[in-house]
> 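First, the structure itself, so that you have it in front of you.
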Protein chains: 2
Amino acid sequence: MKKEQCEKANVFGKCPFVTTQQLIKGKWAILILHELSDGPVRFKELQRNIDITQATLSSQLKYLEQEGLIKRKVYPEIPPRVEYALTDIGYSFTPVLNEIEKWGMKYIDYLKEKNKEKSVSANS
Amino acid sequence: MKKEQCEKANVFGKCPFVTTQQLIKGKWAILILHELSDGPVRFKELQRNIDITQATLSSQLKYLEQEGLIKRKVYPEIPPRVEYALTDIGYSFTPVLNEIEKWGMKYIDYLKEKNKEKSVSANS
DNA sequence: CGGCATCCTCTTGGATACTG
DNA sequence: CAGTATCCAAGAGGATGCCG
């Protein structure tokens, strides 16, 4: 794409990089999307899987729902049951998640190498 | 990968998602990496391309250099000249950038559709 | 040109307590 | 179980001015 789209006027909804960044910059968005990538998950289960407080999880889910990435389904039961799932556009984010995971593993390896070198030079 | 790696102990350097998120959560990291993906770029040029103040750009670059994603080369000239380039591990981030760009464009289209629907229903 | 130091503001998100 | 309300701390990052 033309770089110009991202230059000067770095606006949400214009530049794909800025737009994506705005959506996933939060501490939890990527993790939540990843948790939902295998199918619907209940609120409580999400909270258990990710280490996050109720209040924070609640606000994050509300945000992601607003942006159209996830959908909320309420089952009229007692006790209440709410499931969260990816929307179509949310599901289409999967390739990004996969690349993030692959690169993350690569970077973790890189960190290990870096630490190894450091301890070697410290011993010399 | 095993989800367990990301559960409970969400630590940088253990879970690939958390690790990557920590590195790119900032407002500028993705844009800077994208700008550098075609080869070395000077400080001033970066500042022109992205709309960012000197102080902020400087601290971002220092951060990315610390994390090993970019490297800094100083040319002993007058006036001074400093070029930034991707390291190997930084360059290997390119596939993530590509997916981010693709998805970002998809999401921008989605936003347009959403707005169209809204104005239609508003006129009915 | 390519920074750094300082100050200051605004947002994110964690802790805690309460509700249907 | 699945939230909401309130309060608060930390950090990101912008503005400005100075320096080699």
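Fair warning: this is a prediction, and the values are worked out from it, not measured in the lab. Per chain, numbering begins at 1; letters A, B, ... match sequence-line order.
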> What distance separates A/Lys25 NZ from B/Lys25 NZ, expressed to the nearest 0.5 Å?
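A/Lys25 NZ to B/Lys25 NZ: 12.5 Å, rounded to 0.5 Å.
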> Provide the start and end nucleotides, 5' to 3', of the part of DNA chain D that has atoms under 4.0 Å from heavy atoms of chain B.
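Contacts span D/dG13 to D/dG20, reading 5' to 3'.
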> Who pairs with A/Glu99 by side chain to side chain contact (heavy atoms under 4.5 Å, CB included), at least two apart in sequence or on another chain?
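Side chain to side chain contact (heavy atoms under 4.5 Å, CB included) list for A/Glu99, sorted by chain: A/Lys102, B/Pro95, B/Val96, B/Glu99.
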> Report the residues that fulfil side chain to side chain contact (heavy atoms under 4.5 Å, CB included) with A/Glu113, sequence neighbours left out, ordered by chain and then residue number.
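Side chain to side chain contact (heavy atoms under 4.5 Å, CB included) check on A/Glu113 returns A/Lys116.
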> Got a list of side-chain donor-acceptor pairs under 3.5 Å for residues 52-62 of chain B, not counting sequence neighbours?
residue	atom	partner	partner atom	Å
B/Thr53	OG1	B/Thr56	N	3.4
B/Thr53	OG1	B/Thr56	OG1	2.9
B/Ser59	OG	B/Thr56	O	2.9

> I'd like to check the side chain to side chain donor-acceptor pair (under 3.5 Å) partners of A/Glu67; sequence neighbours left out, ordered by chain and number.
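With neighbours one apart ignored, the set is empty.
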> Quickly, which of A/Leu64, A/Thr87, A/Leu86 forms a side chain to side chain contact (heavy atoms under 4.5 Å, CB included) with A/Lys71? Name it, please.
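One option only clears the test, and that one is A/Thr87.
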> Could you identify which residues of residues 65-82 of chain B place a heavy atom less than 4.0 Å from some atom of DNA chain D, listed by residue number, or say none?
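By residue number: B/Pro80.
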> Specify whether B/Trp103 and A/Phe93 have parallel, tilted or perpendicular ring planes, treating 30° as the upper limit for parallel and 60° as the lower limit for perpendicular.
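Ring orientation of B/Trp103 relative to A/Phe93: perpendicular.
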> Does anything in residues 74-98 of chain B form a salt bridge (Lys or Arg N to Asp or Glu O under 4.0 Å)? List the pairs, not counting sequence neighbours.
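Of all non-adjacent pairs touching residues 74-98 of chain B, those that pass salt bridge (Lys or Arg N to Asp or Glu O under 4.0 Å) are B/Glu77-B/Arg81, B/Arg81-B/Glu83.
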> Regarding B/Tyr84, tell me which of base, sugar-phosphate or nothing describes its non-hydrogen contacts under 4.0 Å with the strands shown.
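Sugar-phosphate only.
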> Take atom NZ of B/Lys44 and atom C1' of C/dG2, then tell me their distance rounded to the nearest Å.
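Atom-to-atom, B/Lys44 to C/dG2, this comes out as 9 Å.
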> Who are the ring pair (Phe, Tyr, Trp, His ring centres under 6.0 Å) partners of A/Tyr110, not counting sequence neighbours?
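Listed in chain order: A/Tyr107.
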> Nearest-Å distance, CG (B/Leu57) to P (C/dC1)?
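One finds 14 Å between P of C/dC1 and CG of B/Leu57, rounded.
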> By side chain to side chain contact (heavy atoms under 4.5 Å, CB included), which residues pair with B/Lys73, not counting sequence neighbours?
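By the side chain to side chain contact (heavy atoms under 4.5 Å, CB included) rule, B/Lys73 matches B/Tyr75.
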> Please find the pair of heavy atoms, one from A/Pro80 and one from A/Arg42, that lie closest to each other, and give the distance.
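It is O-NH2, 3.6 Å.
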> Compute the bend angle of the helix from C/dC1-D/dG20 to C/dG20-D/dC1 from the end axes (five pairs per end), rounded to 10°.
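About 50° separates the two local helix axes.
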> Mind checking the CD1-OG1 spacing from B/Ile108 to A/Thr19? Nearest 0.5 Å is all I need.
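Going from the CD1 atom of B/Ile108 to the OG1 atom of A/Thr19 covers 4.0 Å.
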> What is the distance, to the nearest angstrom, from the CD atom on B/Gln54 to the P atom on C/dC1?
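The answer, rounded to whole Å, is 9 Å.
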> Not counting sequence neighbours, which residues clear side chain to side chain donor-acceptor pair (under 3.5 Å) with B/Lys27? List them please.
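Partners of B/Lys27 by the side chain to side chain donor-acceptor pair (under 3.5 Å) criterion come out as none, since no residue qualifies.
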> I'd like a table of atom pairs between the protein and nucleotides 11-14 of chain C - only N or O on both sides, under 3.5 Å - with the distance next to each one.
residue	atom	partner	partner atom	Å
C/dG13	OP1	A/Lys27	N	2.6
C/dG13	OP2	A/Gln60	NE2	2.9
C/dG14	OP1	A/Lys27	NZ	2.9
C/dG14	OP2	A/Trp28	NE1	3.1
C/dG14	OP2	A/Thr56	OG1	3.4

